[in-house]
Amino acid sequence: MAGPFDWIEEQARLRHRAGLVRTLRPRPADSPLLDLAGNDYLCLARHPEVTGAAAEAARHWGAGATGSRLVTGSTALHAELEAELAAFCGFESALVLSSGYAANLAALTTLAPHGSLIVSDAANHASLIDGCRLARGTTQVIPHGALDALRKNLDGHPGPALAVSDSVFSVDGDAAPLTALAGVCREFGAALLVDDAHGLGVLGPGGRGAPAAAGLAGDGDVVATVTLSKSLGSQGGAVLGPARVIDHLVNTARTFIFDTGLAPAAVGAALGALRLVEREPGRPEAVRTVARDLHARLTEAGLEAVRPDAAVVSVRAPSPGQALQWAADCREKGVSVGCFRPPSVPDGISRLRLTARADLTPAQITEAVRVIVATAPR
């Protein structure tokens, strides 16, 4: 008799043949590699103020939240972070969840009821895609950045409607035309949900995010989600929007109601990082400068790289297998880079994904470019 999981062997064989095998590579606390793979854009994950705030929160509030937010998992520290995050980003209210993934699921499953229409960009993050699948509304996926397709889908829909888009797309690093998206939504009375995971701390005045940059923060028909694990160097996520929307999530979002609250250490770290960004508003411009420099040098060397709108620089690879080998060769030469292959990329094109950091020196940028160019597939 065949075992109940024997089918897994065939799946593994197909992944190996396609060059799509994924493996875990635990890193040491002090890696010798030059990091262009992580999302610590503003270099705050190890900042003494941020780690100190995490340690102090753990000492004061305990290692864990001890329960869901509606039972024992809400602390005064959670409320403090929510108030300061909403004020910083320009929204009326905020709700902190255990991850950015949970935040996107919460927003989509509660804001798209039966009879509603969701119009989702084809390049949206997996968490938005999964949120659309779980929502009770009908989802229409439109080509990347296709405003005419958005207009066509919204035109004539009789019920609630919601357009969904990343602010900065995580694969290529290009920014969504949020002002134009909001304009189309308002033609038809639709709401706009923006995943600002890669915009917070990088775009907008002082890093206040892409909705703030587009003049949309705080508008009654705009909701944003953010992650605390990228620019803020911590962990967790949040939904930002009108107070009535946040209250609706508290009462209906399953990934909020039935999940343990974010650990106090992560809350404290995010709050410490947020306050540091407010005091040092030059960090967002520094990371954008590094990203532009990386792109310019790589394209001058003949590689096909997408012009970055934020901190992500995407470099095309010929195939999944060659992308994997390219990333491995970079690591061998001392540079850690991201490697995006199907199904992580909606267009099927494999890439090296480089993430700029605010503290990269000209010498480090030069070395990174040298290694990436020298190891590129021929």
Side-chain angles (χ1 to χ4, degrees), residues 97 99-200 209-211 214 216 219 221-227 237-241 245 248-249 252-255 309-310 312 340 342-349:
L97 292 92
S99 70
Y101 210 113
N104 277 337
L105 296 188
L108 278 158
T109 56
T110 58
L111 299 180
H114 281 300
S116 65
L117 172 67
I118 307 169
V119 185
S120 178
D121 191 290
N124 279 342
H125 187 263
S127 57
L128 290 176
I129 294 170
D130 288 352
C132 290
R133 290 170 176 168
L134 290 170
R136 294 191 168 114
T138 299
T139 298
Q140 291 291 334
V141 179
I142 60 174
H144 182 41
L147 292 173
D148 288 343
L150 172 62
R151 182 177 285 106
K152 180 179 179 181
N153 277 279
L154 292 178
D155 190 9
H157 178 71
L162 179 69
V164 182
S165 179
D166 284 345
S167 65
V168 177
F169 293 91
S170 61
V171 174
D172 273 340
D174 55 317
L178 294 186
T179 302
L181 283 173
V184 174
C185 287
R186 286 164 181 170
E187 285 181 42
F188 303 99
L192 176 62
L193 172 61
V194 179
D195 179 353
D196 202 30
H198 297 275
L200 176 64
L216 300 174
D219 288 357
D221 54 357
V222 176
V223 173
T225 58
V226 297
T227 178
V239 183
L240 311 169
V245 169
H248 178 64
L249 264 69
T252 60
R254 294 173 68 84
T255 55
D309 288 324
V312 173
F340 275 31
S344 299
V345 287
D347 57 9
I349 299 172

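We're numbering straight along the sequence, starting at 1. Since the structure is predicted, the reported quantities are computational estimates derived from the model, not experimental observations.
With hydrogens and angles disregarded, a donor-acceptor distance shorter than 3.5 Å links the side chain of Asn124 to the backbone of Val164. Listed for the Asp221 side chain is no donor-acceptor partner under 3.5 Å among the backbone atoms of Ala191. Put simply, the side chain of Asn104 never gets that close to the backbone of Gly131: no donor and acceptor are under 3.5 Å apart. Using modelled atom types, one side-chain atom of His248 and one backbone atom of Thr110 make a donor-acceptor pair closer than 3.5 Å.
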Stepwise salt bridge (charged side-chain N to carboxylate O under 4.0 Å, His left out) check, Lys152 with Asp155
CA-CA 5 Å; Lys152 180 179 179 181; Asp155 190 9; over 6 Å; no
Exercise for review: Take Asp174 and His144, measure what side-chain contact (heavy atoms from CB on, under 4.5 Å) needs, and give me the verdict at the end.
Suggested key: CA-CA 11 Å; Asp174 55 317; His144 182 41; 2.6 Å; yes
**Item:** Candidate pair Thr109 and Arg254, rule side-chain contact (heavy atoms from CB on, under 4.5 Å), full reasoning
**Value:** CA-CA 8 Å; Thr109 56; Arg254 294 173 68 84; 5.9 Å; no
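Residues Leu105 and Asp130 approach most closely at CD2-C, 3.8 Å, considering heavy atoms. For the pair Phe340 and Ser170, the tightest heavy-atom approach, listed with the atom from each and the gap, is CE2-O, 4.0 Å. The nearest pair of heavy atoms linking Ala175 to Asp309 is N-OD2, 2.7 Å. When all heavy atoms are compared, the tightest approach of Leu97 to Ala102 is CD2-O, 3.8 Å. Counting all heavy atoms, side chain and backbone alike, Ala210 lies closest to Leu178 at CB-CD1, 3.7 Å. When all heavy atoms of Leu128 and Ser165 are compared, the pair lying nearest together is CD1-C, 4.2 Å.
Under the 4.5 Å side-chain criterion, counting only non-hydrogen atoms from C-beta, Asp172 is not in contact with Val312. Side-chain contact between Gln140 and Leu117 is present, with at least one heavy-atom pair separated by less than 4.5 Å. Residues Leu111 and Val245 meet the side-chain proximity criterion, which asks for heavy atoms closer than 4.5 Å.
Between Val119 and the options Val184, Leu162, Val141, Ile142, a side-chain contact (heavy atoms from CB on, under 4.5 Å) holds for only Ile142. When each of Leu193, Leu192, Leu240, Leu249 is paired with Val223, the side-chain contact (heavy atoms from CB on, under 4.5 Å) condition holds for Leu193 and for no other.
Within a 6.0 Å sphere centred on CZ of Arg186, other residues, nucleotides and ligands contribute more than 12 heavy atoms.
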